[in-house]
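These notes concern the structure reproduced below.
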Amino acid sequence: MTTMPDSGPPDDFGQYLTVLPGWQQFVASTTSTTMTVLTKNEYDALSKEEKYDYDEDRLDHHARLQVVATSTVRRTVTCGRRLTVLNRGAISARRGLIVTGPANTGKTIALTQLGLAHELQDRRRHPGQDERIPVIYITVPPAATPRMIAAEFARFLGLPVLRSSNITDLTEAVVGVCTKARTGLVLVDEIHNISLQTRTGADASDTLKYFSERIPATFAYAGIDIEDSSLLTGTRGDQIAARFTAVDTHPFPYNAEWKALVAQLEANLLLHQHKPGTLTRLDRFLHTRTGGMIGTLSHQLRGAAVDAILTGTEKITKAGLLAVDLDIASRRKQPGTDE
């Protein structure tokens, strides 16, 4: 698996992963031409407008989330693809996957990389069949109701969600499109927003179960600390626990994988004055500062890279890393602080 850009900050509605055009753009971006750094002579030869465009392209590059094939991503993709194969002949009670762990440990990255791998594999198996929709990606809204869940599916597919549309109308429309489009994988993020301790949450969970029974696809969920949540309690929770395999995410320890992760992210930098190996020599400092959280590490390095372009220093230093504010959770974990 290669390093690749995520969808980045959306400039328009179509770039969100939770709508089909946005998801398709995300998939297309993985096969786009990789941007390279110009030499000093090449950069100096550019006109003022060309320099501006080139620097804007570099800012966009660093603004996107650079995905690295961590052990968590590899495990999620391997387990998810195994399940999609095993589920091909299943008539009911298909097996699913839950990516679970603390916040900021790469759950969404792992989930979307599973979707990407499945979509690319489906395209290889069925070339030229553009009417196929191999993957659906939705997020669960806070305090989700059954109709809200159905509406998220409909919006991804571009189906109209009218005020007069009831849940039966939405469900039947979604199932019809998914069946016709041969959807094989459904990704449901922020699943922790469903609580089985409330009637509404229980009904929303039942709606997802109903979709999984009507759509011949593998369902993969991601959420914060699901194994300790109410989602797996009671009769409904027992049913989910019996059908779903869990992949745990966690902060990375300071080890060979962490060092390789920092090195890979450094290799993605497009800075004129940055000396390769600078960040790898700071890998222990980065681990202490970020607590081993991949989300925080990515924010640190991308933020420092953006600053380096905007200020003209064109390199990342320890001082530049310290200038990028940590998220509140990471600040609380910093040794020697009162927070």
Side-chain angles (χ1 to χ4, degrees), residues 18 75-76 79-80 82-84 86-103 105 107-108 110-112 114-115 135-157 161 165-179 183-249:
T18 51
R75 189 162 61 252
T76 300
C79 184
R82 180 193 305 125
L83 290 171
T84 59
L86 292 174
N87 285 335
R88 284 177 188 171
I91 299 175
S92 62
R94 298 177 187 85
R95 298 282 175 166
L97 176 68
I98 295 179
V99 184
T100 174
T105 52
K107 296 179 296 299
T108 295
L111 192 70
T112 54
L114 168 59
V135 177
I136 287 179
Y137 174 83
I138 70 166
T139 60
V140 177
T145 64
R147 187 182 183 280
M148 290 166 69
I149 295 290
E152 290 297 314
F153 277 88
R155 290 193 184 96
F156 180 92
L157 296 169
V161 181
S165 302
N166 60 43
I167 186 171
T168 302
D169 296 332
L170 293 173
T171 301
E172 291 304 313
V174 167
V175 170
V177 171
C178 289
T179 303
T183 299
L185 180 64
V186 175
L187 308 177
V188 182
D189 210 345
E190 307 291 330
I191 193 69
H192 55 264
N193 283 332
I194 292 179
S195 172
L196 297 189
Q197 294 179 336
T198 67
R199 176 60 184 271
T200 300
D203 290 345
S205 177
D206 288 345
T207 299
L208 276 176
K209 183 174 181 293
Y210 182 72
F211 273 123
S212 70
E213 292 170 347
R214 294 287 307 278
I215 301 172
T218 299
F219 277 60
Y221 301 159
I224 297 174
D225 296 332
I226 298 304
E227 290 192 82
D228 297 325
S229 73
S230 67
L231 191 67
L232 301 183
T233 60
T235 302
R236 288 181 175 87
D238 289 343
Q239 288 181 326
I240 296 173
R243 293 185 182 182
F244 280 76
T245 300
V247 171
D248 297 321
T249 64

Between [X] and [Y], is any pair of side-chain heavy atoms under 4.5 Å apart?
| X | Y | answer |
| --- | --- | --- |
| V140 | V188 | yes |
| S229 | I194 | no |
| I224 | T100 | no |
| V174 | R214 | no |
| I226 | L232 | yes |
| Y221 | L97 | no |
| I138 | L187 | no |
| I136 | L185 | no |

Tell me the closest heavy-atom pair linking [X] and [Y], and the distance in Å.
| X | Y | value |
| --- | --- | --- |
| R95 | A242 | NH1-O, 2.7 Å |
| V161 | A154 | CG2-CB, 3.7 Å |
| Q197 | S230 | CG-CB, 3.7 Å |
| A246 | E227 | CB-OE2, 4.1 Å |
| P141 | N193 | O-CB, 3.6 Å |
| V135 | G115 | CG2-O, 3.5 Å |

Would you find a donor on one side and an acceptor on the other, under 3.5 Å apart, between the side chain of [X] and the backbone of [Y]?
| X | Y | value |
| --- | --- | --- |
| R94 | S212 | yes |
| D225 | D228 | no |
| T76 | L111 | no |
| T105 | G101 | no |
| S205 | G201 | no |
| T198 | S195 | yes |
| R88 | G184 | no |
| R147 | S165 | yes |

Qualifying residue for side-chain contact (heavy atoms from CB on, under 4.5 Å) with F153, from L208, V175, T207: L208
Side-chain donor-acceptor contact under 3.5 Å, T218 with N87: yes
Residue pair T200 / T145, side-chain donor-acceptor N/O under 3.5 Å: no
Derivation and outcome, side chain to side chain contact (heavy atoms under 4.5 Å, CB included), residues L231 and I191: CA-CA 9 Å; L231 191 67; I191 193 69; 3.7 Å; yes
Measure the [atom1]-[atom2] distance between [X] and [Y] for me, rounded to the nearest 0.5 Å.
| X | Y | atom1 | atom2 | value |
| --- | --- | --- | --- | --- |
| L83 | L114 | CG | CG | 9.0 Å |
| L170 | M148 | CG | CE | 12.5 Å |
| R155 | T18 | CZ | OG1 | 9.5 Å |

Side chain to side chain contact (heavy atoms under 4.5 Å, CB included) assessment of V247 paired with I98: CA-CA 6 Å; V247 171; I98 295 179; over 6 Å; no
Ring centres under 6.0 angstrom apart (F156, Y137): no
Salt bridge (charged side-chain N to carboxylate O under 4.0 Å, His left out) contacts in which one or both residues fall within residues 196-209, not counting sequence neighbours: R199-D203, D206-R236, K209-E213
